[in-house]
Amino acid sequence: LEEPLVFEIGNTETTGVDFPSPLTLAGGAGGGPDTGSGSTPTADSSRVREGNRLGGLDRSESFGLPGLSEPETVRHYTRLSRQNYAIDCGIFPLGSCTMKHNPRLNEKVARMPGFSDLHPLQPESTVQGALGVIDELAHWLVSLTGMAGVAMSPKAGAHGELCGILTIRAALEARGDARQVILVPESAHGTNPATAAFAGYAVENIPATAEGRVDLAALEARLGPDVAAVMITNPNTCGLFEREMKAISDAVHAAGAFVYCDGANFNAVVGRVRPGDLGVDAMHINLHKTFSTPHGGGGPGSGPVVLSEALMPFAPLPFVRKTDAGFDLIEEEDDAAAPQSFGRMAAFHGQMGMFTRALAYILSHGADGLRQVSGDAVLNANYILRRCEDVLDAPFGATGPCMHEALFSDAGFAEGVATLDLAKALIDEGFHPMTMYFPLVVHGAMLVEPTECESKATLDQFIMALRSIAERARAGDESLHQAPQLAPRRRLDETLAARRPVLAWEG
Amino acid sequence: LEEPLVFEIGNTETTGVDFPSPLTLAGGAGGGPDTGSGSTPTADSSRVREGNRLGGLDRSESFGLPGLSEPETVRHYTRLSRQNYAIDCGIFPLGSCTMKHNPRLNEKVARMPGFSDLHPLQPESTVQGALGVIDELAHWLVSLTGMAGVAMSPKAGAHGELCGILTIRAALEARGDARQVILVPESAHGTNPATAAFAGYAVENIPATAEGRVDLAALEARLGPDVAAVMITNPNTCGLFEREMKAISDAVHAAGAFVYCDGANFNAVVGRVRPGDLGVDAMHINLHKTFSTPHGGGGPGSGPVVLSEALMPFAPLPFVRKTDAGFDLIEEEDDAAAPQSFGRMAAFHGQMGMFTRALAYILSHGADGLRQVSGDAVLNANYILRRCEDVLDAPFGATGPCMHEALFSDAGFAEGVATLDLAKALIDEGFHPMTMYFPLVVHGAMLVEPTECESKATLDQFIMALRSIAERARAGDESLHQAPQLAPRRRLDETLAARRPVLAWEG
Amino acid sequence: MRYLPLTDTDRAAMLDVIGAPSIDALFADVPADLYLDKPIEGLPLHASEMAVERHMRALSKQNLAAADAPFFLGAGAYRHHVPASVDHLIQRGEFLTAYTPYQPEIAQGTLQMLFEFQSQVARLFGCAVANASMYDGSTACWEAITMAGRVTKRRKAILSCGLHPHYVSTAQTMARFEGHGIDYALPTLTAETDFAALADKVDGETGCVVVQYPDILGRIGDMTALADACHAAGALLVAVVTEPVALGALKSPGEMGADIVVGEGQALGVGLQFGGPYLGLFAVRDPRHVRQMPGRLCGETVDAEGKRGFVLTLSTREQHIRREKATSNICTNAGLCALAFSVHMTLLGEKGLRALAAENHRLACLAADRLAQVPGVTALNEAFFNEFTLVVPCDARQLVRDMAGKGVLGGVSLGKFYPDGQGRENSLVVAVTETVTAEDIECLAATLQECLA
Amino acid sequence: MRYLPLTDTDRAAMLDVIGAPSIDALFADVPADLYLDKPIEGLPLHASEMAVERHMRALSKQNLAAADAPFFLGAGAYRHHVPASVDHLIQRGEFLTAYTPYQPEIAQGTLQMLFEFQSQVARLFGCAVANASMYDGSTACWEAITMAGRVTKRRKAILSCGLHPHYVSTAQTMARFEGHGIDYALPTLTAETDFAALADKVDGETGCVVVQYPDILGRIGDMTALADACHAAGALLVAVVTEPVALGALKSPGEMGADIVVGEGQALGVGLQFGGPYLGLFAVRDPRHVRQMPGRLCGETVDAEGKRGFVLTLSTREQHIRREKATSNICTNAGLCALAFSVHMTLLGEKGLRALAAENHRLACLAADRLAQVPGVTALNEAFFNEFTLVVPCDARQLVRDMAGKGVLGGVSLGKFYPDGQGRENSLVVAVTETVTAEDIECLAATLQECLA
């Protein structure tokens, strides 16, 4: 049975909610449930002026919003959900996306009314526990990264990147330094150059060495008084640790610029090396990657940015300040506590619902557990790398262990067989594919990130499937083009979707 | 991917829970989360005697209980769940089982700590709200049935039947009347005769008329001083209302016996006729059928029994009594409030978790909504009956409207095609089958109960599939024997399972 | 009416197909004088979700939740921490809103879970086979007595004085109607169980002896000799376990020779819930007894393609097939509670269950020592698991109420069960689980001291 | 370490395959002097679920939850009743734990939901196309300004004085860095919106005018003439909706000619959550503007067998393809919040949304009348939806704190945003939704009177 659109099964006369009818309530018969706990005001309980006070702006025409009863609604979304693959269904080895287990305790904690049912503008005296959560999480983030402080309000990783770059720009402006260029490695996430551009910078690429790391010599050669910052991902998007990170930072600092670290891969090293010790000035942390908040099919994210001593004065508003009497929330630009803040990036104080989840995760693992997390994540990736490198080309496999991701290329595939075919064939084996065609620096890249949450038995199953498909790809098995055959849909026509966009129901 | 048994993927060294290690906590480092809210006593906080105090009964040998980490556990059960059909996935038209929507508000309410986190032996002063729930639900049940009172503690429908029959027996014994026989219609649920037998009665059948109802003349002929009670289901298991119920009750009462009504089908008439008005002395109510508590793959149930004035003094313990000061719980047999109670049927006070759900449902629908519930349930069943009776034999279709169930037989199917084949073919169309081979009085019975929770669109889809399969059954389509082909499993060998029972993992 | 999908337009169209003028007309078989043509008077009409939630919340706030007090109640229902993932998983619609798996091809989720549950319970109890669950411990206990009657053809049951008094009452009530003999005496306040005395009572009429382990006073004893005595006399030994966590530390009844082991599974996964729904556990040591067992059984088999699968089996024992000759009138189990128990057991595993039991015992030892220091209080038990009996110099019923008045839920007064003035009412059963903190124990000690002063 | 499946046996076997002596050895690329070979000191070690839950609960209890007080806060975040089924459905693991649907064949659940969400938002806003959501209302507002800049090639934005002050700050901050001009003045306390005045300001440099509807003072106005003025000058009109429930009663911005309609979707399905995560809504009236839109878009297509299916589309606008030339640096949406919004919208339907809006407006009218009776208080608005401004004879910041001290969350003081001593700080914005009871309104009136006395 195919599940129709809600527009096809619902109508504007059906609803899955009830509202008290004033008449019913006035009659008293419908008021039962309200006894003892508050009642809805009735029409005769106060003087209502005639008509409404909508200023003549009544929405008189139907706008065609379909409704369903509650049973139909539950069934519609339950059925839709069953067409999804998710980490709860199996391994989800998307390199650089980090699909790890989302503990259910976190969900429970986030729903405690003392967190979920607070308005962001309540008086500070009524939200001390919530501010305490922000402060406690901040303490962990700062401790784990060895930095001076953290800006908690960015709403996702890319927003955090923007925050970091704006902080850097504010710091440069404060010293009257109008540098115009940001250097980004070829292998960077697309967000890095996009962020730099949005912050008003010109973007230049830094080349990579043959072994997949930043070319220090080339970088040093390019550094100069026009360079505001270097954006580096470490571990990098090839799944390798930047061995010369400290030297890079030193060179950047010597040139008067700042080091921005893309923290997307912090989960590979948490508890084992502190970015602050490597000379990083700013780094965003994707709470969902390192600290297990749910992805939810594409968000919401949360991207706190840890900052060095040099950048802290320029951090955005608002922030929490601990005083003897409790916690204050510094929200105003003219507050004496924030004379140099670059300003506000969004309404309110950040992704509280993600903070509670991340804090519950961090406390559950503790300092010892988080260290084991990075260890197991790296162990799992190396296990996949070594068990597959005889049938799949591992471009940097010879240079040593990888970090939390195993990177393969399509070298060795028969003519006409592509990374895409291998990925779709994995679906038929019951697995979600790895990240395809990223990083761009490797041809037909396949970036496999198992995370620490997979058992050896699952990895062995996955490796067996991957090896068997790789053999077929090398042999030029034509049937790979037909995959997937066992999914809810066969391959979808993305070209058609873009050429003739249908972006809303038009029935 | 097939999901292995937990015994095949787990081991005795893996666990998905953590416990505070006294050593860690004593060191202080692990105590973070406990700050401010209570800490686990540490080894040095009190004098622990050496060793344990298990009296030498330590369980020293491994007993082979496998464990999984939390991610593996979530995945194991998520995958298992996806092999289930459920009301959340589609129509579940099991006649006599009543699969209706389970509102999510009920689940939320049942989990309020003030209900879910109460010990049954807490002092009464600390559980007044819980006793209030029992009292409020009891008030509704009594009002909707027109009876004198209700025994809330039975744990399921069959337990309620037992409660009702024991109450009757206690009432008879109290008047020194040792009647030995209970009369049960041929079409009764199997629980009826089983219950009567367990309560120490001989069971005799009452025949049915050609139009599927109790034969009043035959019943009157059988009544006599040896008959303790008659157990009748109304609406009956053929989906018909017992038109002569009042006459039956009068005859039974005139013979000095009691009328037990199986309330499994009360959902068909709730809000439209009160069993008390029909002369019923005792009736259990399956809270999951009429009042939407979840089935949970086979329970838990809850079977409160409403009782007439004549039976109330003999109701079992415990029960709630309302006083000026609040609610009392009468638990002891020697309590002056219960001099004639027949005793206790189970520990504690009944299925509280189901009471909160049922009450939330009842309050949501209210007296008007419950009446609409029975109306829509009967409307849906008659719609199916009339839309299918030209291709499926409806043995009692000519006698008038049905109640909440449409009953069909296999008359007209080609030789060699059975009700089972039709049912399994429905699975391949994406639907759960109806009840098969019940009631026993109709050959190859198919009992379809759509409930009030299905939309017309869903019914039309279901009817289309049912009609098309019925046509194939009439034509003798051999492929029906192969169904289901699209389910997680093909037909399972039940004979093998019974012949060589494997009831526990033996690996 | 948010749960009803039909619109008035739908209703009219459907009535048209049926050929009836109105929904009321479909109820023509109901005698007109008894038919209610409008909502019952005096009852509220439908209400919004918000209004219902508000009303139920107000009722819930009139209770003192266990989490909001130092909490020490046991006596057949135990408060343990239930991992959040348990509740998440049992709320999967495919589990929550499924029916009994009568169509096994589309119910393998429930069926495999039940097979795993049966296997887990069997191992926990040291038995060969367990069923797919029953209503609760007390009814499972009674079913064990009737099963022993069927196996031995003897209708006398000897109950230990340490059996939970509600279980005793249930058995006495049912026995009276079904014609069984019950031999039972109220407990005396000794440190030891009555197992030795029970062995002496077994005779040729005895169908079974029923013991609880740990018993209502928290006492534990070796039942091996009692099992031997039963077997020598042709009787069965039935063991009742109301606190399954204990078996993470204590030798199982099956290992000691119990023939039928039943229990209350509430402690794992299910929660307190003010007494229900709970989870009856039922297992037998000898697989030959399977056909006399009550309740549902899930068994392994294969499908038409030879794939492993699971079905409900041996249903010829059950009421829907055998009707008045069934082994029980039960036609349901406690499926969702069994799922919760099984998920919790899977999360624990043997390692976790042992750790949980050790933590319970450690804390109980600490508490027993501390409370025995309160003037006037003595601890009865030498051996115990996570629950023990305190003898106090007053009627413990009032003591419990006094402590509740101070916000402390300090235990279960035995006077609630044995109000006979023979001294039993001067005792308090205290349960200590992993949810108890050091502060809680100190608070209980101080409150006890205050109330006894 | 309950989230880690590997056992030490597994680890040893895997290291053996890899050929490494230890896990530490896998980190050989980290300079030895910077490698931490043990847990960071001063931080707690791992803790049980029970301990963590207890700690978090203690923190949560240090807050005053909205449900526990008469509650009247709005100003960009609204408390509505969220049906229980919404939270149930978003916790389905298949939604909760899925990633961005990059493999559409096994992500149709998320994709179809997004397509439905886009369609619902478009209809609510009176627009042709909506995207798959953004971070929140304030960032969506800024994205609309930059999009208008791309469409018109003009970098000046005129902001209404009624725009939410956080949205203004966000735009001012971003504009400073990205080189946009912002024309904005603080609001004056009049009953009418500034739409007419804004129309006069539009000139040939103007890329867009940004208005809020209802605005921060709860005022509403017809924006048709302003839209005409914008279009005449080659500028776009951007409308911001922070309370989407209003559009169940009020004419949509799209109907009145707004070109880009953005909003905060939190009010439906998402809940208060102390400010986040929320839900940015973004729609355009003219489908030709689609290729200048930021954020993800889900589109309909067919699969290899011709079946309808959905994919993310027009991704050449996005950063992972276009890098520094993308329309935005955003690489996520608010998927789970969009799901919650969409489920709530589906439950409501047009009938339910209209009823919900009517109930909000009815209660707000009652409250406005009642509060205006409090001595010293005057109501500013003539027209409003569910939120209005009260002018009070003191600094409302202190008033709000005083009321909180009495357990009443009585509104948002405008002084919090406009502390400039020009009179704006003497006003209080009061929001009244369906969650407010008659008792709450009386309580607020009495508390106001008491605090002002």
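Remember, predicted model here, so these are calculated numbers, not experimental data. In what follows, every chain begins at residue 1, and chains take the letters A, B, ... in the order their sequences are listed.
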Is [X] close to chain A through its backbone or its side chain, or both, or neither, when contacts mean heavy atoms under 4.5 Å?
{"X": "L247(D)", "answer": "both"}
{"X": "L356(D)", "answer": "both"}
{"X": "A132(D)", "answer": "neither"}
{"X": "H88(D)", "answer": "neither"}
{"X": "A75(D)", "answer": "both"}
{"X": "T139(D)", "answer": "side chain"}
{"X": "L34(D)", "answer": "both"}
{"X": "S133(D)", "answer": "neither"}
{"X": "L89(D)", "answer": "side chain"}
{"X": "V311(D)", "answer": "side chain"}
{"X": "P83(D)", "answer": "side chain"}

Check the orientation of [X] and [Y]. Use parallel for under 30°, tilted for 30 to 60°, and perpendicular for over 60°.
{"X": "Y3(D)", "Y": "H365(A)", "value": "perpendicular"}
{"X": "Y85(A)", "Y": "H432(A)", "value": "tilted"}
{"X": "F385(D)", "Y": "H361(D)", "value": "parallel"}

Using distance alone, with no hydrogens and no angle criterion, decide if [X] and [Y] have a side-chain donor and acceptor under 3.5 Å apart.
{"X": "S81(A)", "Y": "R92(D)", "result": "yes"}
{"X": "Q112(D)", "Y": "E116(D)", "result": "yes"}
{"X": "T110(D)", "Y": "N84(A)", "result": "yes"}
{"X": "T195(A)", "Y": "E161(A)", "result": "yes"}
{"X": "R296(D)", "Y": "T100(D)", "result": "yes"}

Pairs of heavy atoms under 4.5 Å with chain A: top-ranked of [options]:
{"options": "L314(D), L59(D), L73(D)", "value": "L73(D)"}
{"options": "V412(D), V400(D), T313(D), L15(D)", "value": "T313(D)"}
{"options": "G179(D), G248(D), A304(D)", "value": "A304(D)"}
{"options": "C298(D), G271(D), A122(D), P101(D)", "value": "C298(D)"}
{"options": "D440(D), N333(D), D10(D)", "value": "N333(D)"}
{"options": "S60(D), G335(D), A383(D), G349(D)", "value": "S60(D)"}

* To do: Would you mind reporting whether R2(D) and H46(D) have side-chain heavy atoms less than 4.5 Å apart?
  =>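 When only atoms from C-beta onward are counted, R2(D) and H46(D) do not touch, as no gap falls below 4.5 Å.
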* Asked: Taking C-beta and beyond as the side chain, do F63(A) and T12(A) meet within less than 4.5 Å on heavy atoms?
  ->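 A side-chain contact under 4.5 Å is absent here.
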Heavy-atom proximity to chain D below 4.5 Å, by part of [X]:
{"X": "T14(A)", "answer": "backbone"}
{"X": "F7(A)", "answer": "side chain"}
{"X": "M112(A)", "answer": "side chain"}
{"X": "E454(A)", "answer": "backbone"}
{"X": "H119(A)", "answer": "both"}
{"X": "P488(A)", "answer": "both"}
{"X": "C89(A)", "answer": "side chain"}
{"X": "N380(A)", "answer": "both"}
{"X": "R386(A)", "answer": "side chain"}
{"X": "V109(A)", "answer": "side chain"}
{"X": "T356(A)", "answer": "both"}
{"X": "A196(A)", "answer": "neither"}
{"X": "F92(A)", "answer": "side chain"}
{"X": "N102(A)", "answer": "side chain"}

Does a side-chain N-to-carboxylate-O contact under 4.0 Å join [X] and [Y]?
{"X": "E53(D)", "Y": "K108(A)", "value": "yes"}
{"X": "R111(A)", "Y": "D87(D)", "value": "yes"}
{"X": "D369(D)", "Y": "R53(A)", "value": "yes"}
{"X": "D117(A)", "Y": "R79(D)", "value": "yes"}
{"X": "R489(A)", "Y": "E105(D)", "value": "no"}

[Y] backbone acceptor or donor facing [X] side chain under 3.5 Å:
{"X": "D58(A)", "Y": "S60(A)", "answer": "no"}
{"X": "T126(A)", "Y": "N63(D)", "answer": "no"}
{"X": "R491(A)", "Y": "D303(D)", "answer": "no"}

Top of [options] for chain D proximity - count of heavy-atom pairs under 4.5 angstrom:
{"options": "V17(A), D277(A), L121(A), V74(A)", "result": "L121(A)"}
{"options": "R272(A), R243(A), Q128(A)", "result": "R272(A)"}
{"options": "G67(A), G366(A), P120(A), G16(A)", "result": "P120(A)"}
{"options": "P300(A), G297(A), A158(A)", "result": "G297(A)"}
{"options": "G114(A), S455(A), A487(A), G271(A)", "result": "G114(A)"}
{"options": "G132(A), G55(A), G157(A), P484(A)", "result": "P484(A)"}

* What's the shortest heavy-atom distance between I40(D) and L36(D), and which atoms? ->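 Scanning both residues completely, I find the closest heavy atoms to be CG1-CD1, 3.9 Å.
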* Asked: What is the minimum heavy-atom distance between L43(D) and L144(A), and which atoms define it?
  ->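 Scanning both residues completely, I find the closest heavy atoms to be CD1-CD2, 4.2 Å.
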* Could you tell me if the ring centre of F342(A) sits under 6.0 Å from that of F177(D)? =>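 Under 6.0 Å, so yes.
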